[in-house]
Number of protein chains: 2
Amino acid sequence: MLSHAEENYLKAIYNIGLHTGKSVNTNLIAEKLSTKPSSVSDMIKRLSDKKLIDYKKYQGAILTSYGKKVAVNTVRSHRLWEVFLVDCLNYRWDEVHELAEQLEHIKSDSLVDKLDAFLKFPTHDPHGDPIPDKKGNVNHHKNVMLSSININESCIVVGVKDSSSAFLKLLDRNSIALGSTIKVISKEPFDNSIHVKMKGNKQSFTISQQVSNNLFVKKI
Amino acid sequence: MLSHAEENYLKAIYNIGLHTGKSVNTNLIAEKLSTKPSSVSDMIKRLSDKKLIDYKKYQGAILTSYGKKVAVNTVRSHRLWEVFLVDCLNYRWDEVHELAEQLEHIKSDSLVDKLDAFLKFPTHDPHGDPIPDKKGNVNHHKNVMLSSININESCIVVGVKDSSSAFLKLLDRNSIALGSTIKVISKEPFDNSIHVKMKGNKQSFTISQQVSNNLFVKKI
DNA sequence: ATAAAAAGTTAGACAAGTCTAAAAATAATT
DNA sequence: AATTATTTTTAGACTTGTCTAACTTTTTAT
Ligand SMILES: [Mn+2]
Ligand SMILES: [Mn+2]
Ligand SMILES: [Mn+2]
Ligand SMILES: [Mn+2]
């Protein structure tokens, strides 16, 4: 039975290594978990002893298939709880992350699957992130960001890269939600900001590069 | 912010001291928490330092009003989660205790109240135990046990004293549930077992003293 | 009242997880 | 290739919570 801390480390390694595929830096893990590199070194040794990661000194960490399984299950649990919190308990999408961070660690053979069934097997969490199925299969994002959409093209918002409360509240203020249709009107070369218009809305407005780089979209 | 362990100790002290009102023994706490008396001594000192209990060496522990508040909140959380697990996730009443034991410790200002509202403000958990309200008020059991019911009298099952899986499964096998109406047919002086008949059931059967001492009932 | 039993506490050890400060290895520059 | 700079690891300390073994206090029985 793994501890909260161990699961958090595995999840961090999973999330960092997801798109690179390479071994994961000590410093990156420390940053992601708001801890110190020395703590990460300690933990990495323990995880390696438990065959959850492959690790050679100074060479970073890679999840074993066992470690990956644990990480994906934790992600599944996290995202299902987020759905529960938003859909059932009426939390907003910017409030659920910290709570799910705790709930994901509840230990049970059956809880997550029962929750999944209760929620009618949702495919995505409130931030548009895909929910792994019981077997651990995940349909990852296609990684098309709003910043890559050409002028005069339209797209639908399908996810957020950054799930921080600050970012989500900014989206709320601009009425940008999952499913929103956005048309790119123009681009500003100086700061890479873009001018956009929401479907069903006369007024257009400006979005910074930091924002457009954190919105997953699907071309129409 | 209190730890899981601290909350568990406070809950144990609360539950033990509930009906006696007196200060609570070290050994009793240790037994309740499946730990050693020396560990309890250690923890009791910490809880006393934090003004959660009043404690003098060798004299046992009593909750302060602050400690009681924490304990009642934890009990509230525990019982609401049990309702959720049974009503929403379709767990049986003998499966939920260990899970609620974990869920009760999730830290949030709003979670328990939101859960309460989602569940439509239930008054009792799946074992018939009263759920404290937001302010900490509890309607305790009247403490009438099946063993105290006279011959030829009938009563309704309103709660179980022992929530162990073994006991609850025994009740299931005998079709005894919350709300069941039981008539006492006869009593056996030798072992204090009683002969009972369920309403709507021709056949009568025998119940041991251990069982009748663990069923809260309401006289009809 | 004294001795024995029970209950409760302390001392010392351990594991998990974290930290700071110092040392070692690797990577980047000149 | 040698020197910095960066990254990573170790050493040692600390906290929480637990344990065993030994000791002290309180209670019970003689
Ligand atoms: Mn977490
Ligand atoms: Mn999410
Ligand atoms: Mn608990
Ligand atoms: Mn219960």
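Labels below follow one simple rule: chain letters A, B, ... track the order of the sequence lines, proteins then strands, and each chain is numbered from 1. These numbers come from a predicted model, not from an experiment.
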Practice prompt. Taking the six-membered ring for Trp and the full ring for Phe, Tyr or His, determine whether the centres of B:H97 and B:H127 are under 6.0 Å apart.
Written response: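 When the ring centroids of B:H97 and B:H127 are compared, they turn out to be at least 6.0 Å apart.
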
Item to complete: Would you check if the distance from the ring center of A:F84 to the ring center of B:F84 is below 6.0 Å?
Response: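 Here the rings of B:F84 and A:F84 have centres that are less than 6.0 Å from each other.
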
Practice prompt. Determine whether any donor atom in the side chain of A:S38 lies under 3.5 Å from an acceptor atom in the base of C:dT20, or the reverse, and answer yes or no.
Written response: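 Yes, a donor-acceptor pair under 3.5 Å.
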
[N] [atom2] sits how many Å from [X] [atom1], rounded?
| X | N | atom1 | atom2 | value |
| --- | --- | --- | --- | --- |
| A:L47 | C:dA16 | CG | C1' | 12 Å |
| B:I44 | C:dT10 | CD1 | P | 11 Å |
| B:N25 | D:dT27 | CG | P | 10 Å |
| A:N27 | C:dA27 | CG | P | 13 Å |
| B:D42 | D:dT16 | CG | C1' | 10 Å |
| B:Y9 | D:dT18 | OH | P | 4 Å |
| A:E6 | C:dA16 | CD | P | 8 Å |
| A:R46 | D:dT9 | CZ | C1' | 14 Å |

Worksheet item: Is the phosphate of D:dC23, meaning OP1 or OP2, less than 4.0 Å from a side-chain N or O of B:Y58?
Response: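 Result: no.
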
Worksheet item: Can a side chain N or O of A:K36 be found less than 4.0 Å away from OP1 or OP2 on C:dG17?
Response: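 Looking at the OP1 and OP2 atoms of C:dG17, neither is under 4.0 Å from any side-chain N or O of A:K36.
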
Worksheet item: Which sits closer to the 5' end of DNA chain C, A:S39 or A:Q59, going by the nucleotide each is nearest to?
Response: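 Its nucleotide being nearer the 5' end, the pick is A:S39.
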
Worksheet item: Nearest to the side chain of A:T35, which nucleotide is it out of C:dT20, D:dT18, C:dT18?
Response: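 So the side chain of A:T35 is nearest to C:dT18.
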
Discussion item. From the set D:dT9, C:dT9, D:dT20, return the single nucleotide nearest to any side-chain atom of B:K57.
Written reply: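 The closest nucleotide is C:dT9.
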
Worksheet item: Under 4.5 Å between any side-chain heavy atoms of A:F118 and A:C88, yes or no?
Response: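 A:F118 reaches A:C88 side chain to side chain.
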
Item to complete: May I ask you to test the A:E95-A:L85 pair for a side-chain heavy-atom distance under 4.5 Å?
Response: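 Side-chain contact under 4.5 Å: no.
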
Item to complete: State whether B:R79 and B:E104 are salt-bridged, where the test is any N-O pair (Lys NZ or Arg NE/NH1/NH2 against Asp/Glu carboxylate O) under 4.0 Å.
Response: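 Result for this pair is no, no salt bridge flagged.
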
Worksheet item: Base, sugar-phosphate, or nothing for A:T26, non-hydrogen atoms under 4.0 angstrom?
Response: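 Sugar-phosphate: the residue A:T26, judged by heavy atoms under 4.0 Å, touches backbone atoms but no base.
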
